[in-house]
Each structure stands twice: as structure tokens, then as C-alpha cells.
Asker: 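Okay, handing you the structure first.
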Amino acid sequence: MSFLPVKEQLTVIKRGTTEIVPEEELIEKIKKSRTENRPLKIKLGVDPTRPDLHLGHSVILRKLRQFQDLGHEAILIIGGFTATIGDPSGQNKARPPLSAEEVQKNAETYVNQAWKILDKSKTTIVNNNDWLGPIKFMDVIRLASNLTVARMIERDDFSKRYQNNEPISLHEFLYPLAQGQDSVHLKSDVELGGTDQKFNLLVGRDLQKANGQKPQVCLMMPLLVGTDGTMKMSKSYDNYIGIDEPANEMYGKSLSIPDEQIYPYFELVTDLPVEDLPALKKKAQQDPRNTKHELAFTITRMYHGDQAAKDARKHFEKTVIQKDIPDDAPILEFKEGTEHRLMDIISDAGLTSSNGETKRMMKQGGVSVDDKKIKDPNFSITFAAGDQLNLKVGKRNFAILKAG
RNA sequence: GGGGGGAUACCAAAGUGGCCAACUGGGGCAGACUGUAAAUCUGUUGUCGUAAGACUUCGCAGGUUCGAAUCCUGCUCCCCCCA
């Protein structure tokens with residue numbers, strides 16, 4: 001195994017990175033790794049609280065992947081122990097702790113999805129319950145002596161909650177200790193995290209120093225902005241693009257990000273080579289429309305392959321731009337000569353969630369049959385032999401009605 | 001241990017006996033517009049019903065009343081302050 005020169009490694013490592021603390025130590029570590037021909041231990045901890053991964057998670061996983069590709073050792077920690085505490089970082093509420101079974105189940109789905117990004121053969125997976133679980137209460141108290149109350153409450157997330165009369169449980173103070181202990185246990189060289197993880201990552205350095213280890217370098221990645229363009233991507237804000245989503249969804253959702261996010265997305269979530277980035281930055285400003293399609297294509301390609309991405313593009317052009325019925329619209333068959341109320345057809349097919357919604361949709365002009373808007377809730381169709389009608393409900397729900 | 005405040009729809013938040021299926025904002029959905037599933041504007045937003053209307057919903061369980069989200073009793077949960 002031979003490692004790339006320091007400068008080249010740094011170029012990859014610094015792609016999209018917000019902050020490296022401290023950068024000089026990282027350079028030293030890389031140099032040493034080259035002379036000793038020994039990979040660095042790169043640590044990433046994940047709490048499988050929500051098992052479904054989205055592009056926001058992919059930012060940090062991709063960074064870990066980049067380290068892998070540079071020849072370093074990727075260690076993915078499943079926070080079996082820490083998930084039962086709940087990371088307070090960036091939260092305005094205590095996270096609900098998970099049971100051991102939930103963690104186990106979530107961890108499996110998490111890891112399975114993570115293989116879409118990481119190199120499975122080169123990843124070490126560990127569960128921090130293995131070493132945090134057996135720790136004695138006295139050990140916890142000793143660990144806790146490394147932090148002060150003042151340092152805790154000066155944290156933004158805590159002080160805000162405190163000021164807003166929102167509860168902070170004592171156990172939330174202990175979370176960073178648990179995470180930091182992971183670093184001590186693994187003797188990690190670098191720990192990755194989002195910018196909201198800075199505090200936790202730095203605690204790892206403190207604890208390592210207290211244990212006579214060389215402290216880890218902390219590398220922070222920005223939080224990916226969601227499709228709404230303002231808040232960080234998160235399932236609970238419903239502004240996410242899941243890496244498990246169907247290609248069509250992925251393509252369409254990618255296009256819905258605001259123009260200013262085009263470049264950050266290229267930098268943070270795509271696998272396009274670093275050298276291509278400057279050109280893309282320019283293009284994103286000059287020709288946002290096509291560049292965004294290129295982005296949507298790239299993202300879809302990464303998770304579904306080339307052909308699926310091409311199909312998704314066609315699908316988008318057909319349904320959204322030309323407002324045409326897609327090829328894969330479900331077909332609903334009806335017996336010849338029978339009469340059905342359109343409202344019942346729509347509700348029964350599950351295209352809406354209630355009759356009330358169907359009616360509302362019709363009144364608002366959201367329902368059309370063969371491009372003709374149907375506003376009358378009593379509208380009925382009698383099916384004659386060979387009939388085939390295109391039904392559209394709302395922006396994105398289609399069905400083909402067939403007599404047969 | 002003592003004192004105070006609170007629980008309303010997806011979220012936030014008004015409502016303190018009938019005009020409340022419940023103001024308002026956010027979100028969602030739809031329409032118009034658009035390179036876009038963005039932005040903006042407009043409308044809409046419990047369930048069933050073509051409709052009239054009926055039914056369920058304001059922490060939980062009872063009660064008062066012709067009538068309760070609103071009053072009474074008990075219970076559960078939460079927050080703050082003082083010690």
C-alpha cells in the first residue's frame with residue numbers, strides 16, 4: 001500500500017470541509033502515516049435513531065469514503081450505547097432514547113444503506129455498546145471530571161433551551177463523554193462530524209490527551225441544506241432526498257433545490273472528481289437550468305445507475321414539463337358497461353386519503369380525465385369496450401382507466 | 001420539601017358555557033405562473049355524505065348543564081422559581 005503525496009491527499013480531504021482542527025496536526029499525521037506506511041484510523045460515529053439515510057448523511061459518509069480511497073482505515077461506530085442516551089447537539093429537545101432492539105434493527109438498515117457509499121470490504125464496523133456498556137459508575141464520574149458545567153451551558157443548543165425554559169436532562173451532559181470515550185478506545189487519528197458536532201469532537205481530543213494519547217484531528221463537514229433551501233436536510237423537516245428513494249423521486253427532488261444550492265450539492269454529495277468542481281461552479285451560475293439537471297442526473301446515477309438516471313430524466317420531462325401521463329402509471333380496469341363515480345374511483349385507488357380530499361381536489365381543479373378538468377363530484381363514467389382514459393389527480397398522481 | 005404555570009388539530013398558538021370542526025402563523029395539498037417538483041400569488045386544510053346534515057376531536061376518567069375545548073372532581077404528564 002502506498003499513499004499519495006500529502007498535498008494530493010489534502011486536496012481530497014478538504015473538499016467541502018468546513019474546518020479541520022488543527023490542520024497542522026493532520027498534515028503531520030499524514031506525513032507520519034506515509035513514512036511508516038500505516039493507514040490513519042478515521043472514526044465516524046452514527047446513532048441509528050432514524051434508519052433511513054438521505055443525502056445529508058451522505059456528506060459525511062462520502063468523506064469517510066474519500067479517506068478509504070486514500071488508503072486509510074475507516075471505522076464506523078454504531079452508537080448502540082449512545083443512541084440510548086440521545087445526542088443533544090443542535091437539538092431544541094431531548095431526543096427520545098431508543099431501546100436496544102430498536103437500535104439493533106435500525107443499525108442493520110443503516111449499515112445496509114451505507115454500503116451504497118462506503119467500500120464494504122475496507123470498513124470496520126464496531127458497536128460502542130461493547131466497551132461503553134461495561135463501564136462502571138465510578139469510571140463515569142472520573143470521565144465527567146474532565147468537563148465543567150460552565151463549558152456545557154455555554155454551548156449554544158443548551159443555553160438556548162435553558163433560556164426558553166425548555167428542559168435539559170442531566171444525561172444529555174454525559175453524551176459528549178461517551179462519544180469522546182469512543183475515540184480513546186479506538187485511538188482514532190481523525191474523527192469526522194457535522195459542524196454541529198464540533199463540541200463533541202473536541203471532547204474526544206481532551207479525553208485522549210487525558211489518557212496520554214495523541215489527540216485526534218477533528219474534521220467538520222457542513223450540514224447539507226434541504227430541498228427547501230433554508231433548513232438542514234432532515235427527515236423531520238420533510239426536505240430530504242433519501243438515498244433509497246426511487247430514481248424518479250430522486251431526480252425530481254434534486255431539481256427542486258434552490259439555484260444557490262446547486263454548487264454545494266456538487267461539492268458535497270456527488271462523486272465527480274475534485275478537478276471538475278471549479279467549472280461546475282461557473283456553470284451553475286451561468287446556466288442554472290441545465291446544470292441542475294446535470295446535478296439531478298449525477299445524484300440519480302450514483303444510486304441507481306446510468307440507465308435509471310436517463311429514464312428518470314425522461315420521466316421528469318414527460319410528467320412535469322410536458323405534463324403528460326408517465327409510462328408507468330398504474331392501470332385500473334373496469335368491467336364493460338359498468339358505471340362508476342369518478343370520486344369513488346379516485347378514493348378507492350388510494351390516490352387521495354379520503355373522500356373529502358378527493359372532493360376538495362376536484363373543486364380546486366386538481367382532477368382531470370384526458371386533460372379535461374372535472375369539477376363535479378358526481379361525475380360518473382360508464383365504461384364501453386375499448387375505453388382508455390388518462391386520469392390525473394393533483395400534480396403527480398396518475399392512473400389509466402381501462403374497460404376490460 | 002415549598003410555591004407558581006401549563007397540556008388545544010401535523011407543529012406553534014388563540015379561544016374561558018351556545019355565534020367552535022375551533023382565530024392566526026408555519027407546514028401540507030391544489031390552481032395560476034415558471035427552466036423546475038423553486039420563488040410568487042390565490043384557494044384549501046377532521047371523517048362520512050352529491051347535498052342537507054350526521055359523527056368524532058381541544059391530556060385521561062368521571063360529573064354539572066337543555067348545551068362544555070370552556071364550569072366542577074379525581075388522575076397522568078410537563079415546565080419554571082425558591083430550598
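Just so we're clear, the structure is a prediction, and the values are computed from it rather than from any experiment. Just so it is clear: chains get the letters A, B, ... in the order the sequence lines come, proteins before strands, and each one is counted from 1.
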Asker: For the side chain of A:Glu249, starting at C-beta, report the closest nucleotide among B:rA37, B:rU47, B:rG35.
Answerer: B:rA37
Asker: Check the angle between the aromatic planes of A:His293 and A:Phe316 and answer parallel, tilted or perpendicular using the 30° and 60° thresholds.
Answerer: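 A:His293 and A:Phe316: perpendicular rings.
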Asker: Could you check A:Ser256 against A:Gly356 and say which one's nearest nucleotide on RNA chain B is further toward the 5' end?
Answerer: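 Closer to the 5' end of RNA chain B: A:Ser256.
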Asker: Taking atom P of B:rG35 as reference, at what distance in whole Å does atom NZ of A:Lys292 sit?
Answerer: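 Rounding to the nearest Å, NZ of A:Lys292 and P of B:rG35 are 13 Å apart.
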Asker: Say whether A:Lys63 and A:Gln66, considering side chains only, have a donor N or O and an acceptor N or O under 3.5 Å apart.
Answerer: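 Judged by distance alone, the side chains do pair up.
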Asker: B:rU50, B:rA37, B:rC29: which one has an atom nearest the side-chain heavy atoms of A:Met361?
Answerer: B:rC29
Asker: When we call it a touch if two heavy atoms are under 4.0 Å apart, what does A:Gly252 touch: a base, just sugar-phosphate, or nothing?
Answerer: base
Asker: Could you check which of B:rU47, B:rA51, B:rG31 has an atom nearest any side-chain atom of A:Lys359?
Answerer: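 My answer, after comparing the listed nucleotides, is B:rA51.
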Asker: With A:Lys14, which residues qualify under side chain to side chain donor-acceptor pair (under 3.5 Å), at least two apart?
Answerer: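 If we apply the side chain to side chain donor-acceptor pair (under 3.5 Å) test to A:Lys14, skipping adjacent residues, the hits are A:Glu23.
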Asker: Rounded to whole Å, please give me the gap between CG in A:Asp324 and P in B:rA37.
Answerer: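 After rounding, the gap between these two atoms is 15 Å.
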Asker: From B:rG35, B:rA30, B:rG31, pick the nucleotide closest to the side chain of A:Gln364?
Answerer: B:rA30
Asker: Quick one: which of B:rU50, B:rA37, B:rG35 gets closest to the side chain of A:Pro377?
Answerer: B:rU50
Asker: For B:rU40 versus B:rC78, give the span between their P atoms, rounded off to a whole number of Å.
Answerer: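 Result for the P pair: 40 Å, nearest Å.
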Asker: Measure from the side chain of A:Met343, starting at C-beta and using heavy atoms only, and say which of B:rG31, B:rU44, B:rU50 lies closest.
Answerer: B:rU50
Asker: In whole angstroms, how far is the P atom of B:rG31 from the CD atom of A:Glu357?
Answerer: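 The distance from CD of A:Glu357 to P of B:rG31 comes to 12 Å, rounded to the nearest Å.
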Asker: What about A:Lys375, does its side chain sit under 3.5 Å from the base of B:rU50 through a donor-acceptor pair?
Answerer: no
Asker: Does the structure show a Watson-Crick or G-U wobble partner for B:rC19, both distances under 3.5 Å? Name it, or say none.
Answerer: none
Asker: Nearest of B:rG35, B:rA38, B:rU50 to any side-chain atom of A:Arg341?
Answerer: B:rU50
Asker: Mind checking the P distance from B:rU70 to B:rG59? Whole angstroms is fine.
Answerer: 8 Å
Asker: With rounding to whole Å, what would you report as the distance between B:rC23 and B:rU34 at their P atoms?
Answerer: 34 Å
Asker: Can you tell which of B:rA38, B:rA37, B:rG35 lies closest to the side chain of A:Arg396?
Answerer: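 Output: B:rA37.
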Asker: Mark yes when over 12 heavy atoms from residues, nucleotides or ligands other than A:Lys32 sit less than 6.0 Å from its NZ; otherwise mark no.
Answerer: no
Asker: Is the shortest side-chain N to carboxylate O distance from A:Lys41 to A:Asp189 below 4.0 Å?
Answerer: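 No, A:Lys41 and A:Asp189 are not salt-bridged.
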